Amino acid sequence: MCGLTNPSGCVILEAMDSLNIPALAAKIPDEDSAYRFLEEMRWGDRPVCPHCGSAKRPYFLAPKNGGRKTRTGTISTRRVWKCSEGACRKQFSVLTGTIMHRTKISVRAWVFTMYEMCASKNGVSAREIQRKYNVTAEAAWFMCHRIREAMKREPLAGLLSGTVTADETWVGGKPKNKHARERHSKDHYGREDKTAVLSLVQRETGEVRSQVVPNVRGKTLKAVIEAEVNLPETVLHTDNSLAYTHLGWEAARHESVNHIMGEYVRGDVTTNHAEGYFSQLKRSLDGTHHAVSRTHLHRYLAQFDYLYSTRKMSDTQRMARLMGQTAGRRLTYRPLTERA
Ligand SMILES: [Zn+2]
């Protein structure tokens with residue numbers, strides 16, 4: 001378990017295994033406690049300088065008379081540290097280098113939004129966050145998308161191997177076009193109004209990786225699968241759609257079930273894992289998030305991939321792991337920053 005998060009995450013995991021909203025509200029009544037909570041999650045009992053990586057005990061710049069005066073004369077409750085490494089000496093807080101850095105949103109709102117997004121199977125809408133935590137609609141939208149960004153898998157995650165199920169589906173589109181048989185529905189202007197998504201589910205670990213694909217032609221799917229899967233060490237399970245057959249897979253074995261003939265499981269060959277993921281994804285997109293545009297769909301996929309891949313964890317473990325992933329993701333989404 002500890003290997004999944006930053007080592008210090010374990011401290012808080014043990015203490016807070018039954019985290020829920022009332023418990024969180026009691027533990028985090030104000031901004032100061034929200035900082036402390038994040039510090040404990042990110043660093044355990046010793047802050048690590050995000051600028052130089054030194055764990056040499058930093059100086060705590062204690063807020064004088066209940067708060068630190070900022071340049072503009074307002075009182076800040078930020079908990080600020082100063083690196084004690086001679087060559088560095090830079091100031092930092094627990095937010096430095098994370099998705100929360102340089103935002104004007106309260107840290108408490110961040111913590112609660114992260115928790116809600118980790119604990120809710122169907123996800124939580126920006127509107128709900130706006131209402132519950134008294135932030136602006138813009139701030140809520142921004143937080144949710146930044147958290148989704150942190151939920152993305154590590155850029156250097158290795159290839160999948162073992163038993164991998166590949167399956168595709170169509171999401172979005174107008175309600176009248178949602179019947180499965182109208183897969184290539186067009187909108188008013190003749191454009192396809194559904195978006196194709198390919199998901200790969202690793203059977204042994206339960207990890208899922210999804211992505212938006214421009215179409216479901218064999219060539220396209222094959223290229224994506226080859227980029228994510230170590231084929232020679234993989235047994236590939238698919239349905240028998242033409243997109244997957246006759247492609248000359250380099251997989252150790254390729255097995256397919258014949259959905260047209262009503263065959264969904266044959267021995268251990270099935271695409272049911274991917275189907276289960278898709279039904280949860282669609283329930284959430286339809287029920288909680290309503291109209292998700294094609295532009296942002298990849299972020300929602302990151303969120304549901306994360307929730308599905310960590311479904312065996314407790315909410316607290318899932319949140320601690322997310323906290324470990326929030327660092328270093330800040331620069332990857334300039335377009336979002338511009339909008340906020
Ligand atoms: Zn430093």
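Atom set for the values below is all heavy atoms of this structure, side chains included, hydrogens, waters and symmetry mates excluded. All values reported here derive from a predicted model rather than from experimental measurement. Each ligand, and each atom within it, is numbered from 1 in the order the structure gives.
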Discussion item. Ring centres under 6.0 Å, that's the criterion: do H273 and F278 meet it?
Written reply: no

Worksheet item: With sequence neighbours excluded, what pairs up with E207 under the salt bridge (Lys or Arg N to Asp or Glu O under 4.0 Å) test?
Response: R209

Worksheet item: With no hydrogens and no angle check, is any side-chain donor or acceptor of E31 less than 3.5 Å from a backbone partner on R108?
Response: yes

Item to complete: Pull up every protein N/O/S atom sitting under 2.8 Å from the Zn ion (ligand 1), skipping waters.
Response: C49 SG, C52 SG, C83 SG, C88 SG

Which atom pairs, donor and acceptor, lie under 3.5 Å between side-chain atoms of residues 127-134 and protein residues at least two apart or in another chain?
unit_1	atom_1	unit_2	atom_2	d
K132	NZ	E116	OE1	3.3
K132	NZ	E116	OE2	2.9
Y133	OH	E116	OE2	2.5

Worksheet item: What residue pairs, at least two apart or across chains, pass side-chain hydrogen bond (donor to acceptor under 3.5 Å, both in side chains) with a residue in residues 47-56?
Response: S54-E85

Item to complete: Determine the interplanar angle of the Y277 and Y308 rings, folded into 0 to 90°, and report it as parallel if under 30°, tilted if 30 to 60°, perpendicular if over 60°.
Response: perpendicular

